[in-house]
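Just so it is clear, the model here is predicted, and its values are computed rather than measured.
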Amino acid sequence: MARPHPQSKSLRRILAGVGRRALVRTTAALLMLAFGLALPSCAGMAQGAGADVLAIMPGVINRADNKSLRFAMLKYGLESFCQEMLKRGAPLKLADDQPSVGRFYPQRCDTRLIDEEANRSFLVQFSGAGYAWTNITQRIGFDASGVVDYDPDFLLDDATMYLYFRTRHVASTSFRAGMIENAAANLALVLAPGGFAEKFGQQVVAAELTRGFTVIRRGDGTVDFGLGLIEKGKMPFHPYQIKGQAKTVLANERIEVHARQRDFLGPFEVDSEGRALFLTVGVDGAEGVDVMVVPKDAGEQWLSLYIHQPLTTPPAYPPLLADVALSAQPYRKMLPVAKGRYYLVIDNTATAGRIAPPANFFDDRAALVNYAVELGDAP
């Protein structure tokens, strides 16, 4: 039986008094479903215990024989896992170095922490809905669920924490297509058991789930994540290099929005009054895209229609922001907003905004979009 390190009790007391800060994001399930988690704030830890605590942590915690201490620290953050997972849609990718081709929105999440000497693991059961794009189906709306058993662990690199979730066992996965945009596709072959949609979904689910994921928690409180196991000291790719601590980075990724498609990003949480969303958007491959911000409730009504019916629709209510980001002209916008949650919608359709791509299905002028969302104080 592994014995706790002598400093285990003092570290437990320190961590128990630290307020948890959401780490957020989702990694690993479905075409690239991603999960995230909540952990104690390193910044709060430094304030509550002094810089000496952070100085001793890497040497103490990275020791392989400190299994009891390491697992005890992970338990503090796992309580908020599902709460945070349900707040945000997850990007769907076919490979790490490719832009996202869709998004998954968790609707149910349950976790179970197995704390036994011979079996310490983190069991996650999830379900939800989303959309993806393929050249055979065009947009495909789907429901998905799964049960995954993760083996959690972490390492410290100075004040940066690398949390590793290695897949121990994939208990089950389910992928059911409910809407196919391309009316010319042979729906009998696409939707039939064992057809294209099922093979497409299950193949990517199985491939991505077995890779696990990494959550990176820096000493300044910022959070990053990547699919697979990222080597200590390295970082995943992001299109924008954002420095400084005046704002909180809510998203920084690359997406692909095909002609007659849109992407619902978020919803992003604004934690108090007197705040603003700071948007950065870059477009390549198309004339431009429409950039819209809508409140969560209105956005979810619009999103549901997008997942379940092939024809795109305009928003039911006027967006809080409706602008155009043109190709080769970096778009930046500061939008003061009230406390609440908001979707950023990148639109490449003719049914909303001012951009109207060709109606010809054989003329797919996909827009490669780099975007970042930051939260800061309104001027």
Side-chain angles (χ1 to χ4, degrees), residues 23-38 74 77-96 98 100-114 119-134 137 139-153 163-180 190-215 225-230 264 303-304 307-308:
L23 278 194
V24 306
R25 284 297 301 252
T26 39
T27 357
L30 180 54
L31 310 173
M32 189 177 172
L33 172 59
F35 289 139
L37 75 158
L74 280 169
L78 299 182
E79 298 173 3
S80 301
F81 185 98
C82 278
Q83 179 182 354
E84 298 303 328
M85 177 184 174
L86 295 171
K87 288 182 178 180
R88 186 78 58 86
L92 307 180
K93 298 183 179 182
L94 299 179
D96 287 351
Q98 295 182 9
S100 65
V101 295
R103 208 155 289 266
F104 177 76
Y105 301 88
Q107 298 169 346
R108 179 187 173 188
C109 173
D110 298 294
T111 63
R112 179 187 174 192
L113 188 64
I114 301 174
N119 181 23
R120 287 178 167 175
S121 61
F122 183 38
L123 195 67
V124 178
Q125 182 175 6
F126 67 90
S127 62
Y131 55 84
W133 189 96
T134 76
T137 62
R139 177 164 32 95
I140 178 173
F142 61 83
D143 297 299
S145 61
V147 180
V148 188
D149 187 3
Y150 291 108
D151 180 15
D153 200 0
L163 296 112
Y164 297 107
F165 285 76
R166 297 175 175 86
T167 302
R168 174 177 292 177
H169 177 60
V170 179
S172 65
T173 60
S174 171
F175 182 95
R176 183 178 63 84
M179 182 277 296
I180 302 294
V190 170
L191 296 177
F196 172 81
E198 181 177 326
K199 290 180 179 178
F200 173 75
Q202 290 187 351
Q203 179 181 358
V204 179
V205 168
E208 297 302 335
L209 284 177
T210 57
R211 297 176 59 194
F213 64 99
T214 305
V215 178
F225 81 98
L227 212 54
L229 304 180
I230 299 174
F264 291 78
L303 170 61
S304 180
I307 292 175
H308 294 104

Exercise. For the pair Arg112 and Gln125, evaluate side-chain contact (heavy atoms from CB on, under 4.5 Å) and give the outcome as yes or no after the intermediate values.
Key: CA-CA 9 Å; Arg112 179 187 174 192; Gln125 182 175 6; over 6 Å; no
Quiz item: Any idea which heavy atoms bring Val148 and Thr167 closest together, and the distance?
Solution: CG1-CG2, 4.0 Å
Practice problem: Mind checking side chain to side chain donor-acceptor pair (under 3.5 Å) for Arg108 and listing every partner two or more places apart, or none if nothing turns up? | Solution: Asp110
Quiz prompt | Heavy-atom closest pair, residues Thr214 and Ile230 | solution = OG1-N, 3.0 Å
Quiz item: Who passes side chain to side chain contact (heavy atoms under 4.5 Å, CB included) against His169, sequence neighbours left out?
Solution: Asp149, Ala171
Self-check item: Pairwise distance CZ(Arg166) to CG(Asp151) - rounded to 0.5 angstrom
Solution: 7.0 Å
Quiz item: Gln107 and Ala129: which non-hydrogen atoms are nearest, and at how many Å?
Solution: NE2-CB, 3.8 Å
Exercise. With sequence neighbours excluded, tell me which residues meet side chain to side chain donor-acceptor pair (under 3.5 Å) with Tyr105.
Key: Tyr131
Self-check item: Separation of Ser174 OG from Phe142 CZ (nearest 0.5 Å)
Solution: 11.0 Å
Self-check item: Distance in Å, Asp143 CG paired with Ile307 CD1, rounded so as to fall on 0.5 Å steps
Solution: 8.5 Å
Quiz item: Can you name the nearest heavy-atom pair linking Met179 to Arg139, along with the distance?
Solution: CE-NH1, 3.2 Å
Quiz item: What distance separates Ile140 CD1 from Phe175 CZ, expressed to the nearest 0.5 Å?
Solution: 4.5 Å
